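Read the numbers this way: they start at 1 and go in the same order the structure lists the ligands and their atoms. Source: prediction; values computed, not measured.
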Amino acid sequence: MRTPHGALLLLFIVACLRGAYSGGGWSRFTSIISFGDSYADTGNLVMWADPVLPGLLLKNLPYGETFFGHPTGRATDGRLVLDFIAEALGLPSMPLYLARGSNFSAGVNFAVVGAPALNLTYLQGLNLTVNPPINSSLHDQLVWFQKLKPSLCNGQGTDCFGSSLFVMGEFGGNDYISFLLSNRTVEQARPYVPQIVDSISRGLED
Ligand SMILES: *[C@@H]1O[C@H](CO)[C@@H](O)[C@H](O)[C@H]1NC(C)=O
Ligand SMILES: *[C@@H]1O[C@H](CO)[C@@H](O)[C@H](O)[C@H]1NC(C)=O
Ligand SMILES: *[C@@H]1O[C@H](CO)[C@@H](O)[C@H](O)[C@H]1NC(C)=O
Ligand SMILES: *[C@@H]1O[C@H](CO)[C@@H](O)[C@H](O)[C@H]1NC(C)=O
Ligand SMILES: *[C@@H]1O[C@H](CO)[C@@H](O)[C@H](O)[C@H]1NC(C)=O
């Protein structure tokens, strides 16, 4: 899943971290608001899947064994880049959007394993297999954010967003994977690249 979007995400993070330094120290950021797929999901899919998908591999070792010692819902045996960013900024791991009853005053993670840039319904309309088959696309995550906005940051509003690190991505890899999972060729996926890139660009601007 090495895509140009991965590079874009990296550039975006680097730009933010440079901003953190120039602001006179790491303390400039008071929370993280994260969107993305398995590169950034710290447990949302597992929250959603339980008990819908009891056989989910993510719920078993070796996921989590290297750092946490138990599965956490991350699609890795250790930590994600997001975990290292939070640690470097001195912030706690952000609460999961799909965990009911979370306190989102110190940030939120909307990322879901498998989340595509294009809508689920649209991809399914192309007869593509989308795994997992849930509405968690970039657009859906932005809708979740709009809904949650009033309760974020203890109602401090835009001042608080000014000191929040927004991490957007990775997105796009799962859109291409849905073609390959559905017995389509790279050539058949290629015409959709502009649409996928456009969805990510618009999401970033939103
Ligand atoms: C949420 O957590 C913050 C500290 O991070 C605390 O000040 C606030 O009272 C909590 N809100 C609720 C409803 O528990
Ligand atoms: C996803 O659906 C929403 C409406 O439900 C629409 O506004 C948006 O443009 C769609 N995005 C894509 C990438 O299809
Ligand atoms: C999807 O499959 C259905 C039924 O096989 C077919 O009628 C439809 O044309 C297909 N749509 C696309 C976009 O391939
Ligand atoms: C996804 O959302 C659309 C409406 O935007 C809905 O029609 C569809 O049933 C939803 N799919 C799932 C799997 O929830
Ligand atoms: C996959 O696609 C190829 C070429 O379009 C076709 O010959 C083959 O039958 C397809 N296989 C399946 C399992 O659909």
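No side-chain N or O of D41 forms a donor-acceptor pair with one of S38 less than 3.5 Å apart. A donor-acceptor pair shorter than 3.5 Å cannot be found between the side chains of Q141 and Y97. Side-chain polar atoms of R74 and T76 form no donor-acceptor pair below 3.5 angstrom.
Distances from atom 2 (O) of ligand 3 to the protein include at least one heavy-atom value under 4.0 Å. Proximity of atom 9 (O) of ligand 5 to the protein is not indicated, since no non-hydrogen protein atom lies closer than 4.0 angstrom.
For atom 5 (O) of ligand 3, the closest non-hydrogen atom on the protein side is N127 ND2, 4.6 Å. In terms of protein heavy-atom proximity, atom 4 (C) of ligand 5 is nearest to N183 ND2, 4.8 Å. Protein heavy atom in closest approach to atom 13 (C) of ligand 3: G125 O, 3.7 Å.
The shortest distance between side-chain heavy atoms of R190 and V186 falls below 4.5 Å.
In summary, R202 and E205 do not engage in a salt bridge, as defined by a charged side-chain N under 4.0 Å from a carboxylate O.
Of all heavy-atom pairs between F110 and W144, the closest is O-CZ3, 3.6 Å.
When I134, D140, N135 are ranked by how near their heavy atoms come to atom 6 (C) of ligand 4, first place goes to N135.
Residue-ligand proximity, P133 to ligand 4, at heavy-atom distances under 4.0 Å covers atoms 13 (C).
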